There are 2 protein chains.
Amino acid sequence: MSDSTDLKKAGLKATLPRLKILGILEEPRARHMTAEDVYKALLDMGEEVGLATVYRVLTQFESAGLVIRHNFEGGRSVFEVNQGGHHDHVVCVECGEVFEFYDPAIEERQRRVAETLGFHVDSHSLYMYGTCLGMKREGKCSKRLIPGSGVPRERDGRG
Amino acid sequence: MSDSTDLKKAGLKATLPRLKILGILEEPRARHMTAEDVYKALLDMGEEVGLATVYRVLTQFESAGLVIRHNFEGGRSVFEVNQGGHHDHVVCVECGEVFEFYDPAIEERQRRVAETLGFHVDSHSLYMYGTCLGMKREGKCSKRLIPGSGVPRERDGRG
DNA sequence: TTTTGCATGGGAATCGTTCTAGTTTACACT
DNA sequence: AGTGTAAACTAGAACGATTCCCATGCAAAA
């Protein structure tokens with residue numbers, strides 16, 4: 001509801017597509033979505049928003065710092081709302097589940113490395129890819145598969 | 001020249017395109033190249049190799065563990081020869097330069113995090129994006145810009 | 001209410017990448 | 001060395017994700 005305030009603070013007009021998209025991303029269960037996911041969610045809500053608009057708005061949100069874009073394995077971008085606290089990601093390539101974590105020690109070491117190189121860091125990303133507990137144990141994940149949370153393993157099938 | 005042995009060890013026939021591509025990637029100055037870069041390098045050498053072949057071969061090399069694929073910001077993949085030692089990357093978004101580092105403490109913490117989650121890690125990647133010393137100081141980088149080493153900043157023209 | 005200008009939607013265009021079809025080559029076996 | 005066969009090759013079409021283009025829409029300013 002106060003989304004419109006967020007938008008204006010970010011220097012963006014509070015238009016309906018923008019409000020809807022931000023609303024979707026802010027749903028707790030929406031953690032990591034592709035542009036396509038957001039588009040489908042809009043269609044499901046009965047909103048007539050073009051895919052081009054979704055991409056445009058997501059990029060604007062990224063520039064404004066409202067969302068964070070991730071380039072997980074598989075090429076397509078996934079977005080999550082920027083809730084302030086930086087965190088890193090663990091992605092299950094079997095079920096697509098995404099876990100988040102924050103490790104101060106890792107952050108500190110990164111800072112140190114950058115400092116040594118005289119490098120000014122704008123952003124950094126740490127992803128771990130593998131198999132989650134649920135998939136290892138039962139071949140299925142206890143958590144539901146959020147569409148687009150990642151791309152289950154499949155790149156070439158072997159050439 | 002013993003590249004053909006490397007290929008056979010990896011279970012791949014020693015064809016001319018594969019030998020050439022591996023050769024290009026093994027040049028010390030070739031550190032991180034996109035498929036397009038490799039293709040252009042082949043053309044420059046006067047080799048008639050199709051772009052599709054480059055992509056196919058790179059994917060095969062990845063499957064065989066000969067090269068590592070990175071998904072830097074910007075969507076497109078970059079490849080580097082797998083020289084055994086894992087390392088992480090620092091990418092200058094101004095000049096495209098890529099620095100490498102290895103920090104045992106970070107690796108250890110990552111292992112710890114995965115363990116805590118009961119997560120089996122297949123691969124992990126850590127990238128830092130920002131501005132290198134050369135670009136900060138002089139607006140230019142002391143190192144030459146390897147084409148495709150990364151994608152100089154440009155996503156929306158707002159930053 | 002008219003003007004002004006950014007935002008939108010839909011489709012075409014573009015980019016990186018993969019697939020398809022038909023041809024050629026590497027390599028094991030005469 | 002000569003040959004058969006599976007694998008690899010090339011070019012170009014196809015593809016999915018994303019961006020561009022532009023006529024239309026709509027909201028704030030005049």
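On a predicted model such as this, the values are computed, not experimentally measured, just so you know. Note on naming: letters A, B, ... go to the chains in the order of the sequence lines (proteins, then strands), and numbering restarts at 1 for each one.
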Visitor: Would you kindly give the CG-to-P distance between A:L19 and D:dC26, to the nearest whole Å?
Guide: 16 Å
Visitor: Check this for me: does any side-chain nitrogen of one of A:R111 and A:E115 sit under 4.0 Å from a carboxylate oxygen of the other?
Guide: no
Visitor: Select one nucleotide: of D:dT10, D:dT18, C:dA26, the one nearest the side-chain heavy atoms of B:T15.
Guide: C:dA26
Visitor: Looking only at heavy atoms, what is the nearest atom pair of A:A41 and A:I24, with distance?
Guide: CB-CD1, 3.8 Å
Visitor: Identify, with sequence neighbours excluded, every residue that meets salt bridge (charged side-chain N to carboxylate O under 4.0 Å, His left out) alongside A:E100.
Guide: A:R31
Visitor: Rounded to the nearest angstrom, tell me the gap between atom CG in B:L58 and atom P in C:dT17.
Guide: 10 Å
Visitor: Which of parallel (below 30°), tilted (30 to 60°) and perpendicular (above 60°) describes B:Y129 and B:F72?
Guide: perpendicular
Visitor: Specify the separation, in whole Å, of atom NZ of A:K20 and atom C1' of C:dT8.
Guide: 16 Å
Visitor: B:L16 or B:A52: which one's nearest nucleotide on DNA chain C is closer to the 5' end?
Guide: B:A52
Visitor: Need to verify one output field. Residue with the more 5' nearest nucleotide on DNA chain D, A:R56 or A:L51?
Guide: A:L51
Visitor: Which residue lies toward the 5' end of DNA chain C, B:K13 or B:Y55, if each is placed at its nearest nucleotide?
Guide: B:Y55
Visitor: So which nucleotide from C:dC27, C:dA7, C:dG16 ends up closest to the side chain of A:R18?
Guide: C:dA7
Visitor: Only one of A:K20, A:R18, A:K40 forms a salt bridge (charged side-chain N to carboxylate O under 4.0 Å, His left out) with A:E47, so which one is it?
Guide: A:K20
Visitor: Rounded to the Å, how far apart are B:E73 CD and C:dC15 C1'?
Guide: 18 Å
Visitor: Tell me: CG of B:N71 to C1' of D:dT18, nearest whole Å?
Guide: 16 Å
Visitor: Remember a base hit wins even if backbone is also touched, and classify A:E48 as base, sugar-phosphate or nothing at under 4.0 Å, heavy atoms.
Guide: sugar-phosphate
Visitor: Grab the CZ-P distance between B:R76 and C:dG16 for me, whole Å please.
Guide: 5 Å
Visitor: I need the CZ-P distance between B:F61 and C:dT17, as an integer number of Å.
Guide: 17 Å
Visitor: Is any side-chain N or O of A:T53 closer than 4.0 Å to OP1 or OP2 of C:dG9?
Guide: yes
Visitor: When the distance from CG of B:L7 to P of D:dC9 is rounded to whole Å, what number comes out?
Guide: 10 Å
Visitor: If you check every side-chain atom of B:V49, which of D:dA8, D:dT10, C:dT18 has the closest atom?
Guide: D:dT10
